[in-house]
Every structure is written in C-alpha cells, then in structure tokens.
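Only one structure is covered here, and it is reproduced in the block below.
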Amino acid sequence: MAARTAAAARRSTWRSFCPFSLRLSAGSSRLCSSKQATQKDKPVKRSTYRPEPSSTHDWVGPPNPLSNLRPIIYHIPENETELEKRLRNLRQDTEDWNHNFWAKQNITFSKEKEAFIISQLKAKGLTLRDEDGRRRSLSSEEMATFYKNFLDKNRVRHANYNKEWYRRNFTITLLMARVTLNSMWRTVTERQSSKKNGTPTS
C-alpha cells in the first residue's frame, strides 16, 4: 500500500502537455544557483521515476534540483515515420545534454563558491559559523569578485555551450519544418486518393 502511494505521488509530479505547439529544447542562458550547495556531492542524474512515453502527449517533470531544468519525455506518435523518430531522438538527446551541462556547471559553481567564502573568512580570522552557530556571509562587493572570476574562467566553456545549443536547435527547427511539410503532403495525397476512389474523408 505504501509503495503504491509513493508511486502515485511520483506520477503526480509529472504533467502531460499537448505536443502541437512544437517548442525548441530548453537551453537559454541559465544562471548558476547557490541552491545546489547542499546537493553538491550527489551524482548527476535525473529522477529514477520516468513515466512511459505517451502516444499523444509529452511528459514534463518537476525541475531537477541540480540543473534546475524540467525533464521532458517526448511522445511517440502512432505510425511514427523515420523522420519523426529522428526529430524525437534529437530533441530527447538535446534535453539530456542540456541537463548534464547545467547540472555539472551548477555543482562546480557551488563548490567553488563555498571554497571562496571559506577562504575569505579564514583570511579575516573567522570561522564559517559565529558563536551562535549562524552561518557567516560575505558582502555583495566581496561576492561580486567571485562571480566575475567564475564567469571569466568559464567564458570559453559557455561560448562552446551556446554554439552547440544553437547548432542543435537549428537542426531541430529544420526537422520540425520537414515533419510538418511531410504531414501536410501526406494529408493532401490521402484526400486526393480518397476522392478518386469515392471514399469520403473526415
């Protein structure tokens, strides 16, 4: 009973969305978050629960605590063509690639931020926590130095990510256009064939 309740709770965090509005893979600029500090030692992976692909709707899950991205499981339409399958696989692969990049980047950010804070406090002769057990923090000016250095150090990495993201989404957009055109052409030819055979179409 408890196992069924837990499984139901996991399913309730996933939502299905109609795929008619074909969207580009999520990957616009993401700010590194300090919320990952407590999860920095966890392995980079998605939730162990993943619903089976639907034939009509995409599944969208809750934000991943490491990458801050919502995992997506794309639907597998009935009678999927090879072109549609190629598009779906590329979109799914891009989602996974995007998740892995930001999960690793956010973990690195959290670790380096923590090390910077500790080193700055140590230089002042202070410990991470005060006499009352409260965590000490640095001023916004001091943290600005860390943020700038982190961005400068990862400039090439971010530039390469952006190039790859644009390349992937450009390919996805072209495949979407081809799938749409093929679908329109298939509909037209089926209607013409039905008219010739005298079969009414829906």
Side-chain angles (χ1 to χ4, degrees), residues 10-33 36 44-109 151 154-197 199-202:
R10 289 195 299 270
R11 286 195 295 272
S12 67
T13 62
W14 286 78
R15 297 290 183 269
S16 62
F17 289 86
C18 182
F20 292 130
S21 57
L22 296 175
R23 58 187 177 277
L24 296 181
S25 298
S28 55
S29 180
R30 303 270 173 180
L31 293 178
C32 293
S33 171
Q36 285 76 30
V44 179
K45 63 180 180 180
R46 293 181 185 249
S47 169
T48 55
Y49 174 75
R50 292 172 68 85
E52 291 298 320
S54 166
S55 62
T56 57
H57 292 77
D58 297 335
W59 285 104
V60 180
N64 183 279
L66 296 181
S67 67
N68 294 327
L69 298 174
R70 289 182 177 273
I72 300 176
I73 297 179
Y74 292 103
H75 76 291
I76 303 178
E78 295 180 359
N79 302 319
E80 183 181 43
T81 65
E82 283 300 318
L83 189 61
E84 290 172 335
K85 183 178 181 180
R86 180 182 169 191
L87 170 61
R88 175 173 58 82
N89 287 338
L90 178 57
R91 295 178 78 192
Q92 195 69 68
D93 180 72
T94 299
E95 292 292 334
D96 295 338
W97 165 81
N98 208 29
H99 161 78
N100 289 331
F101 175 88
W102 285 110
K104 292 176 181 178
Q105 188 72 353
N106 287 341
I107 290 173
T108 300
F109 174 84
L151 290 175
N154 289 274
R155 189 180 304 279
V156 174
R157 177 180 170 85
H158 287 158
N160 291 336
Y161 164 83
N162 285 333
K163 290 178 183 177
E164 177 65 10
W165 183 82
Y166 282 119
R167 185 193 69 79
R168 284 173 174 268
N169 279 284
F170 180 74
T171 305
I172 288 172
T173 302
L174 290 180
L175 286 175
M176 284 180 173
R178 290 180 60 187
V179 167
T180 301
L181 290 174
N182 283 359
S183 179
M184 293 172 60
W185 178 251
R186 187 165 58 247
T187 300
V188 170
T189 54
E190 287 176 354
R191 287 181 178 177
Q192 290 179 342
S193 177
S194 296
K195 287 180 180 180
K196 290 181 181 178
N197 296 331
T199 305
T201 56
S202 56

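This one's a predicted model, so the numbers in the text were calculated from it and none came from an experiment.
Rounding to the nearest 0.5 Å places NE2 of H99 at 14.5 Å from CZ of R70. Distance CG/N182 to CZ/R178: 7.0 Å, rounded to 0.5 Å. In this structure, the separation between CZ on R91 and CD1 on I72 is 7.5 Å, given to the nearest 0.5 Å. Distance check: W165 CH2 to N160 CG gives 15.5 Å after rounding to the nearest 0.5 Å. Rounded to the nearest 0.5 Å, atoms CG (L175) and CZ (F170) are 10.5 Å apart.
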Show your reasoning for whether side-chain contact (heavy atoms from CB on, under 4.5 Å) applies to L83 and V179.
CA-CA 7 Å; L83 189 61; V179 167; 3.9 Å; yes

W97 and E164: CA distance, side-chain angles, deciding distance, side-chain contact (heavy atoms from CB on, under 4.5 Å) verdict:
CA-CA 10 Å; W97 165 81; E164 177 65 10; 3.3 Å; yes

Might you work through the side chain to side chain donor-acceptor pair (under 3.5 Å) test for Y161 and W102, ending with a clear yes or no?
CA-CA 10 Å; Y161 164 83; W102 285 110; 3.0 Å; yes

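Among residues two or more places apart in sequence or in another chain, the side chain to side chain donor-acceptor pair (under 3.5 Å) test is passed with R157 by Q105. With sequence neighbours excluded, the residues forming a side-chain contact (heavy atoms from CB on, under 4.5 Å) with L151 are H158, listed by chain and number. With sequence neighbours left out, the side-chain contact (heavy atoms from CB on, under 4.5 Å) criterion links R186 to T81, E84, S183, E190. Taking D93 as the reference, R168 meet the side chain to side chain donor-acceptor pair (under 3.5 Å) condition, with sequence neighbours excluded.
Summarising the geometry of P71 relative to P62, their closest heavy-atom pair is CD-O, 3.0 Å, with the distance given to 0.1 Å. Residues L87 and I172 share a closest heavy-atom pair of CD1-O, 3.8 Å. Here the shortest heavy-atom pairing between L90 and T171 reads CD2-CG2, 3.6 Å.
Judged by distance alone, the side chains of Y74 and N89 never bring a donor and an acceptor atom under 3.5 Å apart.
With contacts defined as side-chain heavy-atom distances shorter than 4.5 Å, the pair R86/E80 does not qualify.
At least one donor-acceptor pair closer than 3.5 Å links the side chain of N100 to the backbone N or O of D96. Panel note: side chain D58, backbone H75; a donor-acceptor pair is recorded below 3.5 Å.
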